[in-house]
Amino acid sequence: MQQQQQQRRMFTAALLALVFILAAVSTTEAGKKEKPEKKAKKSDCGEWQWSVCVPTNGDCGLGTREGTRTGAECKQTTKTQKCKIPCNWKKQFGAECKYQFQAWGECDLNTALKTRTGNLKRALHNADCQKTVTISKPCGKLTKPKPQGKFHLLKAAH
């Protein structure tokens with residue numbers, strides 16, 4: 001019996017605490033002023049358009065690029081940015097385009113060239129790069145089958 005009375009008291013205390021919390025929350029919510037939603041700041045500035053990276057010295061390494069954008073109310077319409085052209089990239093496809101190349105193909109005997117294809121792996125600074133490129137190079141020395149010499153004939157006889 002005593003245990004039931006103790007459980008009722010605890011239940012009553014918990015119920016009163018819940019009522020008190022709900023009352024406190026509702027009064028604080030009523031006291032808050034509703035803030036008007038901030039208007040999204042609309043900008044008439046266009047996207048930045050970047051020139052290619054121009055190396056400071058040589059054809060690779062550190063350099064700069066120029067950025068421009070349009071818009072009547074833009075605070076800044078031009079800016080210069082530091083950039084870097086990796087020295088191990090194939091410059092003939094654009095210094096900001098990195099390609100993953102396949103193995104060299106067989107030598108074309110008519111042209112004496114071998115070719116391979118590269119797929120675009122990475123473009124720096126949103127550069128306009130071709131998706132695939134093909135390069136060629138001379139085959140080098142064309143190896144002719146060696147004639148059967150004396151040594152081979154002797155070895156075959158044994």
Can you measure from [atom1] ([X]) to [atom2] ([Y]) and round to the nearest 0.5 angstrom?
X    : Y    : atom1 : atom2 : value
K121 : C97  : NZ    : SG    : 14.0 Å
I135 : F101 : CD1   : CZ    : 4.5 Å
C83  : R65  : SG    : CZ    : 4.5 Å
K79  : T64  : NZ    : OG1   : 14.0 Å
T78  : R69  : OG1   : CZ    : 10.0 Å
D108 : S136 : CG    : OG    : 9.0 Å

Exercise for the section: Please report the closest heavy-atom contact between G118 and Y99, naming both atoms and the distance. Expected result: O-CD2, 3.9 Å

Practice task
Please name the pair of heavy atoms, one in A123 and one in C129, separated by the smallest distance, quoted to 0.1 Å.
Solution key: CB-SG, 3.7 Å

Exercise for the section: Check for a donor-acceptor pair, side chain of T134 on one end and backbone N or O of T117 on the other, with a separation under 3.5 Å. Expected result: no

Handout entry: Side-chain heavy-atom pair K114, K137 within 4.5 angstrom cut-off
Key = yes

Practice task
With sequence neighbours excluded, tell me which residues meet side-chain hydrogen bond (donor to acceptor under 3.5 Å, both in side chains) with E66.
Solution key: T80

Practice task
Identify whether L120 and V133 are in the same connected component of the hydrophobic contact network (ILVMFWY, side-chain heavy atoms under 4.5 Å).
Solution key: yes

Problem - Audit row: Q76, W48, side chain to side chain contact (heavy atoms under 4.5 Å, CB included) steps and yes/no - result: CA-CA 10 Å; Q76 187 177 17; W48 285 102; 4.1 Å; yes

